[in-house]
Amino acid sequence: MMRTRHTTTLEDQRIPVRAKLAAAWTSFMFLYVYVDILAFFKPGVIDDILAGVVWEFDISQTLLTAFLALLAIPILMVVLSTTLPARANRITNLIVASVQIPFAAFNAVSESWTYFYGLGVALEVIVLALILRYAWTWPRTVGDHGDQPGP
């Protein structure tokens, strides 16, 4: 008895822009956090932390609050990317991703571990570029808001 094997094409479902943005911000957040976590393995980092210093800054409630606020940005962007109305969503993603690019690059400034931080920054910037692309190319529909094609 011979069986006939049918090959089928996998269904390639369209992913909504909001889901792409939320996934990209989640990926960015993981990169952002894991670069910092893996940096604990650099010689001397834990000793500096135990001595009360991070990147030549004294550890204080103000410093840790600033770090938390900076980390909250990509966390909130995951939620905002799925809940904001389309126009506000697009604008917010374009602005926040644009601001995050120089901030990401700042993390590699004056670091001796150029391969480690360079890769981290490069990956973060690639994800931010995807966010900018997704937001910039947000699909449009013709509606009654002055965007109808002319005669």
Side-chain angles (χ1 to χ4, degrees), residues 5 7-143 145 147:
R5 194 169 243 193
T7 59
T8 58
T9 304
L10 295 175
E11 183 180 354
D12 194 11
Q13 297 178 340
R14 186 171 178 187
I15 299 171
V17 176
R18 293 173 194 273
K20 289 179 185 180
L21 289 168
W25 279 112
T26 302
S27 296
F28 175 79
M29 183 187 65
F30 276 115
L31 283 166
Y32 187 42
V33 169
Y34 274 103
V35 166
D36 286 346
I37 290 171
L38 291 172
F40 288 142
F41 293 98
K42 283 177 33 185
V45 170
I46 299 295
D47 293 334
D48 286 347
I49 292 170
L50 292 174
V53 177
V54 174
W55 296 315
E56 301 181 24
F57 297 110
D58 290 335
I59 297 174
S60 66
Q61 182 170 235
T62 303
L63 181 69
L64 295 182
T65 302
F67 287 171
L68 179 59
L70 292 171
L71 182 58
I73 294 168
I75 293 169
L76 292 174
M77 287 308 298
V78 174
V79 174
L80 293 175
S81 293
T82 59
T83 58
L84 284 175
R87 184 175 177 85
N89 201 330
R90 180 177 185 262
I91 292 167
T92 302
N93 274 280
L94 288 170
I95 292 170
V96 174
S98 296
V99 169
Q100 286 292 319
I101 290 173
F103 180 74
F106 171 77
N107 288 329
V109 172
S110 73
E111 281 294 339
S112 59
W113 287 42
T114 55
Y115 296 134
F116 172 71
Y117 285 105
L119 178 60
V121 167
L123 293 172
E124 289 176 8
V125 168
I126 288 168
V127 173
L128 290 167
L130 282 173
I131 291 168
L132 289 170
R133 181 174 183 262
Y134 296 149
W136 187 260
T137 60
W138 193 296
R140 298 177 185 274
T141 58
V142 177
H145 302 288
D147 54 356

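Contact of the Trp138 side chain with the Arg18 side chain is registered, since non-hydrogen atoms from C-beta on lie closer than 4.5 Å. Counting only heavy atoms from C-beta outward, the side chains of Leu76 and Trp25 never approach each other to under 4.5 Å. Side-chain contact between Ile59 and Val53: absent, with no pair of heavy atoms (C-beta onward) separated by less than 4.5 Å.
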Side-chain donor-acceptor pairs under 3.5 Å in residues 115-132, sequence neighbours left out?
none

Can you list, pair by pair, the side-chain donor-acceptor contacts under 3.5 Å of residues 77-87, counting residues two or more places apart and other chains?
| residue | atom | partner | partner atom | Å |
| --- | --- | --- | --- | --- |
| Ser81 | OG | Met77 | O | 2.7 |
| Ser81 | OG | Asn93 | OD1 | 3.4 |
| Ser81 | OG | Asn93 | ND2 | 3.4 |
| Thr82 | OG1 | Val79 | O | 2.8 |
| Thr83 | OG1 | Val79 | O | 2.9 |

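Of the inter-residue distances, the one linking Leu64 atom CG with Leu71 atom CG reads 12.0 Å to the nearest 0.5 angstrom. Distance CG/Leu31 to CG/Leu38: 10.5 Å, rounded to 0.5 Å.
In this structure, Phe57 has no ring-ring contact (aromatic ring centres under 6.0 Å, His included) partners at least two apart in sequence or on a different chain. In this structure Tyr32 satisfies the ring-ring contact (aromatic ring centres under 6.0 Å, His included) test together with Phe28, sequence neighbours excluded. For Leu50, the side chain to side chain contact (heavy atoms under 4.5 Å, CB included) partners at least two apart in sequence or on another chain are Ile46. For the ring-ring contact (aromatic ring centres under 6.0 Å, His included) test, no residue two or more places apart in sequence or in another chain qualifies with Trp113. When the side chain to side chain contact (heavy atoms under 4.5 Å, CB included) test is applied to Ile37, the partners found at least two apart in sequence or on another chain are Val33, Tyr34.
A pairwise comparison of heavy atoms in Ile15 and Lys20 identifies O-CE, 3.5 Å as the closest pair. The minimum heavy-atom distance linking Val45 with Ala39 is given by the pair CG2-O, 3.4 Å.
The side-chain hydrogen bond (donor to acceptor under 3.5 Å, both in side chains) pairs that include a residue from residues 54-67 number zero, where partners must be two or more places apart or lie in different chains. Every pair passing salt bridge (Lys or Arg N to Asp or Glu O under 4.0 Å) that includes a residue from residues 22-42 is listed here, sequence neighbours excluded: Lys42-Glu111. Under the ring-ring contact (aromatic ring centres under 6.0 Å, His included) criterion, no residue pair touches residues 75-106, with sequence neighbours excluded.
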Derivation of the side-chain contact (heavy atoms from CB on, under 4.5 Å) call for Arg90 and Arg140: CA-CA 11 Å; Arg90 180 177 185 262; Arg140 298 177 185 274; 3.5 Å; yes
